[in-house]
2 protein chains.
Amino acid sequence: MKDISIEQAIKDEQINLKDIKSCPVQFVLAVNDALNVLTGKWKLPIIGALLFKSMRFSEMKKTIPKITSRMLSKELKELELNGVVKRVVDDTTPVTITYQLTDSGMSLNGVLDKILEWGLGHRNEFFSQA
Amino acid sequence: MKDISIEQAIKDEQINLKDIKSCPVQFVLAVNDALNVLTGKWKLPIIGALLFKSMRFSEMKKTIPKITSRMLSKELKELELNGVVKRVVDDTTPVTITYQLTDSGMSLNGVLDKILEWGLGHRNEFFSQA
DNA sequence: TCTGCAAGTATACAAAAGTATACTGATATA
DNA sequence: TATATCAGTATACTTTTGTATACTTGCAGA
């Protein structure tokens with residue numbers, strides 16, 4: 001068997017996603033990446049805001065209810081470090097700083113759709129039997 | 001406009017998932033449900049184990065490296081409360097207790113696939129440019 | 001009777017995540 | 001000159017999460 005990447009193997013359907021949930025390190029790492037990007041009290045509101053449109057720090061503070069400067073700053077740094085958010089410095093006077101999602105960040109939209117779908121289905125099932 | 005459920009509206013494509021990420025309470029709650037079920041250090045290992053097969057407490061302890069009784073117990077209770085895990089008491093002597101995923105729990109498989117997919121794509125993009 | 005498993009509980013502690021509040025330094029506007 | 005905005009930092013504190021370790025009750029087998 002040729003030595004190809006996991007991603008290629010998946011594309012080629014040599015590996016079927018459903019059958020390997022309990023498996024290799026790379027997969028665990030990938031899932032963890034995704035969950036780290038999504039968890040904590042403020043990640044979702046921040047990503048949600050930026051999915052709507054790119055914004056400046058102060059605008060985000062107004063948009064996201066109850067968030068403090070400290071948390072917004074902290075979370076934005078983390079998201080930037082994880083390659084989900086881009087901090088763009090525009091060379092006006094005074095400088096304008098804009099936060100926007102990277103391509104990866106944008107593609108979280110699909111993940112969130114799936115999560116939302118599950119959540120709605122789950123609530124239906126759960127509350128109908130309870 | 002008739003008064004129909006949100007889920008129906010989505011099915012009927014009167015609402016498009018992409019356009020309402022920053023919107024109604026029900027949606028925020030649903031996404032939160034899903035994330036609560038997935039976050040914390042041990043939720044994923046536990047769900048992963050149970051996706052593989054139903055298990056008893058002691059078997060889970062052996063299967064999941066480093067988890068303590070306290071954490072396993074705590075997390076299982078929470079997952080049960082959230083309708084993701086079922087605790088089945090089998091009336092043998094002595095009684096046998098088995099943990100298994102509910103239908104909702106099983107359907108997390110699809111969500112995890114999507115998350116995994118994003119994680120792999122993200123790692124690719126991220127490490128190729130760094 | 002002694003040992004050990006099963007399915008946890010109890011207590012104490014450490015570390016991570018989040019909150020509250022005040023402050024900066026540079027620029028812009030009244 | 002006084003005030004306000006922007007893009008954050010700094011410090012101290014509380015809450016939530018997770019760890020370590022020991023213990024419990026009921027039964028089974030040697």
Side-chain angles (χ1 to χ4, degrees), chain A residues 28 31-50 52-82 84-101, chain B residues 28 31-50 52-82 84-101:
Chain A
V28 177
V31 174
N32 265 15
D33 279 3
L35 287 177
N36 283 339
V37 156
L38 258 18
T39 62
K41 190 172 180 184
W42 299 110
K43 300 275 168 56
L44 217 55
I46 289 173
I47 290 170
L50 292 178
F52 184 61
K53 70 186 185 86
S54 297
M55 282 183 216
R56 301 173 60 181
F57 193 90
S58 50
E59 196 178 356
M60 300 195 76
K61 261 201 75 172
K62 277 173 221 150
T63 304
I64 302 169
K66 306 254 176 183
I67 196 166
T68 62
S69 297
R70 186 186 192 263
M71 275 299 115
L72 183 53
S73 170
K74 228 177 123 268
E75 300 288 70
L76 282 171
K77 264 179 196 157
E78 217 182 305
L79 289 169
E80 200 190 345
L81 212 76
N82 286 320
V84 171
V85 161
K86 240 182 312 205
R87 181 178 182 273
V88 180
V89 181
D90 206 348
D91 196 8
T92 51
T93 46
V95 286
T96 311
I97 290 154
T98 310
Y99 290 92
Q100 49 188 252
L101 293 174
Chain B
V28 176
V31 173
N32 264 16
D33 278 3
L35 287 177
N36 283 339
V37 156
L38 258 19
T39 62
K41 190 172 180 185
W42 299 109
K43 299 275 168 56
L44 216 55
I46 289 173
I47 290 169
L50 292 178
F52 184 61
K53 71 186 184 86
S54 296
M55 280 183 216
R56 301 173 60 181
F57 193 90
S58 50
E59 196 177 356
M60 300 195 75
K61 261 201 74 172
K62 277 173 220 149
T63 304
I64 301 169
K66 306 253 176 186
I67 198 167
T68 62
S69 299
R70 185 186 193 266
M71 276 298 116
L72 183 52
S73 170
K74 227 177 123 273
E75 300 287 68
L76 283 172
K77 267 180 193 156
E78 216 182 306
L79 290 169
E80 201 191 343
L81 213 75
N82 286 319
V84 171
V85 161
K86 241 183 312 206
R87 183 178 181 274
V88 179
V89 181
D90 207 348
D91 196 8
T92 50
T93 47
V95 288
T96 311
I97 289 153
T98 311
Y99 289 92
Q100 49 188 253
L101 294 174

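So that the names make sense, note that chain A is the first sequence line, chain B the second, and so on, each numbered from 1.
Remark: P of D/dT24 and CZ of B/F57 are 18 Å apart, rounded to the nearest angstrom. Going from atom CG of B/L44 over to atom P of D/dG18 covers 13 Å, rounded to whole Å. We find that CD of B/E75 is positioned 13 Å from P of C/dT9, with the value rounded to whole Å. Note: CD1 (A/I67) to C1' (C/dA17) measures 13 Å, nearest angstrom. Put simply, CG on A/L72 is 11 Å from P on D/dA7, counting in whole angstrom units. Whole-Å rounding puts the B/M60 CE to C/dG8 P distance at 11 Å. Taking atom CE of residue A/M71 and atom P of nucleotide C/dA16, one finds them 14 Å apart after rounding to whole Å. Atom CG in B/L76 sits roughly 14 Å away from atom P in D/dG18 (whole-Å rounding).
A close approach under 4.0 Å does not occur between any side-chain nitrogen or oxygen of A/Y99 and OP1 or OP2 of D/dC6. Regarding contacts with the backbone of D/dG18, every side-chain N or O of B/K66 stays at 4.0 angstrom or more from both OP1 and OP2. OP1 or OP2 of D/dT9 sits under 4.0 Å from a side-chain N or O of A/K77. Not one side-chain nitrogen or oxygen of B/K43 sits closer than 4.0 Å to the OP1 or OP2 atom of D/dG18. At the phosphate of D/dT19, OP1 or OP2 sits under 4.0 Å from a side-chain N or O atom of B/K41.
Comparing D/dG8, C/dT9, D/dT19 by their closest approach to the side chain of A/S73 singles out D/dG8. For A/K62, the listed nucleotide lying nearest its side chain is D/dC6; candidates were D/dC6, D/dT19, D/dG8. Considering only side-chain atoms of A/R70, the nucleotide from C/dA7, C/dG18, C/dT11 that sits closest is C/dG18. The listed nucleotides are C/dG18, D/dA7, C/dT9; the one nearest the side chain of A/S58 is D/dA7. Each of C/dG18, D/dC27, C/dG8 was ranked by its minimum atom distance to the side chain of B/I97; first place goes to C/dG8. Listed nucleotides D/dA7, C/dA7, D/dG18 differ in distance to B/W42; the shortest reach to its side chain belongs to D/dG18.
Side chain of A/T63 to main chain of A/E59: a donor-acceptor pair is present (N/O by atom type, distance under 3.5 Å, no hydrogens or angles). A donor-acceptor pair is defined here as one N or O able to donate and one able to accept, closer than 3.5 Å; no such pair exists between the side chain of A/K74 and the backbone of A/R70.
Remark on DNA chain C: of its neighbouring residues A/T68 and A/T93, the 5'-side contact belongs to A/T68, judged by nearest-heavy-atom nucleotide. A residue-by-residue look at A/S69 and B/T98 shows that B/T98 has its nearest nucleotide of DNA chain C further toward the 5' end.
The side-chain contact (heavy atoms from CB on, under 4.5 Å) test with A/K43 is passed by exactly one of A/L79, A/V37, A/N36: A/L79. For the side-chain contact (heavy atoms from CB on, under 4.5 Å) test with B/I46, the passing option among B/V84, B/I67, B/L101 is B/I67; the others fail.
Put simply, the side chain of B/R87 reaches to within 4.5 Å of the side chain of B/I97, judged on heavy atoms.
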